Every structure is written in C-alpha cells, then in structure tokens.
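Input: a single structure, listed below in structure tokens.
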Amino acid sequence: GKAVKVEGYIIPVWGMAENEEKVAFFLSLKSQWKESLIGWCLDYAAVHACINAQYRHRHERLAVFAEIQLMETEVRRVMGE
C-alpha cells in the first residue's frame, strides 16, 4: 500500500491512490481541532476555509468535506467520544 509522510511519521494509507491525498489533507487539519460541549471535533469554519483554498470545484469540495467528516467520526470513535 501507499503511505503519507507527515512531520517525519509514515502513515500507511490503504485503498486507491486518491485516498493518499485526502488522508494527507485530513492530517494537515491537525491544528483545527477544538474542544466543545460534545467533546473534541474539527472547527468546520476552518476546515471549509482550507477546503476552499485547495479545491476549486464545488462537487470536489462537498466530496472532500464528506470524507473529512467520515475520518473525524472515526477519530472520535477511537478517542472514545
């Protein structure tokens, strides 16, 4: 499989090559987490700003946001929230 390198860490990415870009994008949002009444979550205003800066077409932005939410849900599940 492929891997993404982030700050010296190698993170394996399974599946198609297009997943590598999306996982790398998700990892780039590491400073956009905030604590809320329901636990830790991504700051969606910041996430949308990052998505809008990186992706040109609306259908791409919507698809990436949906995938980011899916990854966020899994992270929160693993963290026990």
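For clarity, every value in this text was computed on a predicted model and none was experimentally measured.
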- request: Could you tell me which residues satisfy ring pair (Phe, Tyr, Trp, His ring centres under 6.0 Å) with F25, sequence neighbours excluded, listed by chain and number?
  value: Y55
field: Spatial distance of atom CD1 (I68) from atom CD1 (I51) [nearest 0.5 Å]
entry: 5.5 Å
Just jot down the side chain to side chain donor-acceptor pair (under 3.5 Å) partners of [X], sequence neighbours excluded, or say none.
{"X": "Y44", "value": "Q69, E72"}
{"X": "N52", "value": "R61"}
{"X": "Q32", "value": "none"}
{"X": "E35", "value": "none"}

- request: Quick one: list whatever passes side chain to side chain contact (heavy atoms under 4.5 Å, CB included) with H57, sequence neighbours left out.
  value: H59, E60
task: List in chain and number order the residues that pass side chain to side chain contact (heavy atoms under 4.5 Å, CB included) with S31, two or more places apart in sequence or in another chain; answer none if no residue qualifies.
output: none
field: Residue pair K22 / V64: nearest heavy atoms and the distance that separates them
entry: CE-CG2, 4.5 Å
query: Side-chain contact, heavy-atom cut-off 4.5 Å: W33 with L42?
result: yes
Minimum side-chain heavy-atom gap R77-T73 below 4.5 Å: no
message: Quick one, V23 with L27, criterion side chain to side chain contact (heavy atoms under 4.5 Å, CB included). Give me CA distance, side-chain angles, the key distance, then yes/no.
response: CA-CA 6 Å; V23 169; L27 294 173; 4.0 Å; yes
query: Checking R76 side chain against W40 main chain: does a donor-acceptor pair fall under 3.5 Å?
result: yes
